[in-house]
Asker: 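First the structure, then my questions, so here it is.
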Amino acid sequence: MPVPAPPPDAAGVPATAAGRRPDVAAAAAGLLLFAASAAAGALLLHHGAKLQVRWPPLMAAWGPHAGPGTPAAVAVAVLAVAHGPRLAARAGWRVLLGASWAAATAWTWSLALVDGWQRGVAGRMTVAGEFLRGLGRFRQDFGGTFRGFNGHILIDSPQNWGTHIAGHPIGAVLTFFGLDRIGLAGGAWAGAFCITAGSSVAMAALIVLRRLAGEGRARAAAPFLVLTPGAVWVGVSPDAWFAALAAWSLVLVTVAATTGRRTVRALAGLGGGLLLGAAVYDSYGLVLLVVPIAGVLVCARTLRPLPSVLAGLGAVVLTFTLAGFDWWQAYRLLVIRYHQGFGGERPYSYWIWGNLGATVAAVGLAPLAGLRRAAAEGAARAGGWWRGRGAGGERRIPGPGDRYAVAAVLLPCAFVLAILAADLSGMSKAETERIWLPFTLWLPAAAGRLPARDHRGWLAAQALAALLLNHLLLTEW
């Protein structure tokens, strides 16, 4: 179904001095949160607190350095800042989709190679505790290892799984076992796979934005989705793959919710449910995808895709259950394992807000200003849009402009709510700069709501944040 033309203000609003000051204030508040979490973390470490990270709130160590990816990273940043907004506004839509994925991939590869080939890419997923370390047991006895997976989650169980295998449902390790079986074995292939998949989130987000918030806002968001600081952790962590599964599930659910064709709705909904199931069986935390999925359905004002989505999800659950993997039992065992390790030592009182400081690092400052502006400009239209009434209370049929304005607020809010739920759960203490990638990689899109004439300045701030993080710190991923 053709996507309606965007409203006149979809690409931005006039850049008044009065509007800029609150934008800068929102960004400054985010910077202050990160600085406070870093200072408090350093003080707690000095006094012997068991934060179990070396440079809180990030899983990193201080270590200024450069590498073979440095020139490329700077070049990609300069080109994206100088030409990204213009190309995003003028390129054909399909060209923009492909270019966004390619640019995000180049940005992620260059940042990963700042740490060098071995440390930055090939060796990242071969260290102790990572998924590749447990593949041998599946090679020796796949059926027995599959069915007996839950028996090795607890830290005091015989031949307990390493940290990451134990911390995820069985689908995560099966992904890398599948790569191994088709000839893409080893850390280099695993790293390349995660970068390629994770970088596609930029393209997926554009498709969702265009259908729900209008093409103008999608185009404005494109450079920010590419030049995100979160790319530091996309290259290389398995959470980049989980983020891709989540993103393309949302794409298919969005297509199902916005199409007028029954066959397309059924197939897209089924596909979205299958990918949602795959995501949930790769990462326990991705059950929180129900929040952005609910946001998509609210924006589209429909529940029609739900039966096919639930059918796809049910097929995945049934398949894994019949094959011998009990997701609920595994999760209950994981909670015990989590408190047996670092999770039981890391203080909730610090990480409940330290996690949010890490999120600022992964998202950047521009999206914070964009979220403030989107909320201020769009929330007033939400009630009338949903009830079908105008500003004076008169009845009217909501138009595309109403839906676009509300989606511009609801979509980022849905991801923020998912992050807050994960934070409050206490099952995400530290390392959230990578763990929350399935949610944080979407938030840079909010920066597209900033005035168009300010985009290059905000893009430069995003690029600078990523470059500083990657060159001053030795991140674990």
Side-chain angles (χ1 to χ4, degrees), residues 3 5-13 15 23 26-27 80-81 83-104 107 199-231 234 243 247 250-251 254 292 295-296 299 362-375 377-378 403-416 437 439-463 465-466:
V3 178
D9 70 337
V13 294
D23 292 343
V81 171
H83 303 291
R86 177 176 57 83
L87 292 176
R90 298 180 182 179
W93 178 248
R94 292 182 181 179
V95 172
L96 177 60
L97 291 179
S100 295
W101 190 358
W107 177 235
S199 299
S200 74
V201 174
M203 180 166 67
L206 289 178
I207 296 171
V208 172
L209 284 170
R210 186 185 188 226
R211 283 184 168 266
L212 294 178
E215 186 171 322
R217 289 195 178 105
R219 288 179 177 275
F224 293 98
L225 288 165
V226 168
L227 214 59
T228 172
V234 170
L250 283 170
V251 167
T254 301
V296 167
C299 290
V363 170
L365 300 180
L368 304 182
L371 284 169
R372 181 213 68 83
R373 186 175 285 265
E377 295 167 0
R403 192 185 77 192
Y404 291 152
V406 172
V409 178
L410 286 183
L411 284 178
C413 284
F415 288 103
V416 170
L437 283 176
F439 309 112
T440 57
L441 287 177
W442 290 75
L443 292 183
R449 198 68 182 101
L450 294 166
R453 62 182 288 183
D454 294 342
H455 280 193
R456 285 191 174 88
W458 286 111
L459 278 171
Q462 292 290 92

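When a residue number appears, it is its place in the shown sequence, counting from 1.
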Asker: For Leu441 and Val234, run side chain to side chain contact (heavy atoms under 4.5 Å, CB included): C-alpha distance rounded to whole Å, both residues' side-chain angles, the deciding distance at 0.1 Å, then the answer.
Answerer: CA-CA 9 Å; Leu441 287 177; Val234 170; 3.9 Å; yes
Asker: Measure the acute angle between the ring planes of Phe224 and His455, then classify it against the limits of 30° and 60° as parallel, tilted or perpendicular.
Answerer: perpendicular
Asker: Can you measure from CG (Leu96) to CZ (Arg210) and round to the nearest 0.5 angstrom?
Answerer: 10.0 Å
Asker: What is the minimum heavy-atom distance between Arg219 and Ala88, and which atoms define it?
Answerer: NH1-O, 2.8 Å
Asker: Tell me the closest heavy-atom pair linking Val95 and Ala91, and the distance in Å.
Answerer: CG1-CB, 4.2 Å
Asker: Is there side-chain contact between Trp442 and Pro412, with heavy atoms separated by less than 4.5 Å?
Answerer: no
Asker: Any heavy-atom pair between the side chains of Val296 and Leu410 that's under 4.5 Å?
Answerer: no
Asker: Ignoring hydrogens, what is the shortest heavy-atom contact between Pro229 and Ala465? Give both atom names and the distance.
Answerer: CG-CB, 4.3 Å
Asker: Which value, rounded to the nearest 0.5 Å, describes the distance between Ile207 atom CD1 and Leu212 atom CG?
Answerer: 12.0 Å
Asker: Give the minimum heavy-atom separation between Pro367 and Pro444, together with the two atoms involved.
Answerer: CG-CA, 3.5 Å
Asker: Say you draw a straight line from CZ of Arg456 to CZ of Arg86; how long is it, rounded to the nearest 0.5 Å?
Answerer: 7.5 Å
Asker: I'd like to check Ser100 versus Leu225 (side-chain heavy atoms, cut-off strictly below 4.5 Å). Are they in contact?
Answerer: no
Asker: Identify the two heavy atoms, one from Ala202 and one from Ala104, that lie closest to each other, and give their separation to 0.1 Å.
Answerer: CB-CB, 4.2 Å
Asker: Any idea which heavy atoms bring Ala366 and Gln462 closest together, and the distance?
Answerer: N-OE1, 3.2 Å
Asker: Quick one: pull up CG in Leu209 and OG1 in Thr254 and give me the separation to the nearest 0.5 Å.
Answerer: 9.0 Å
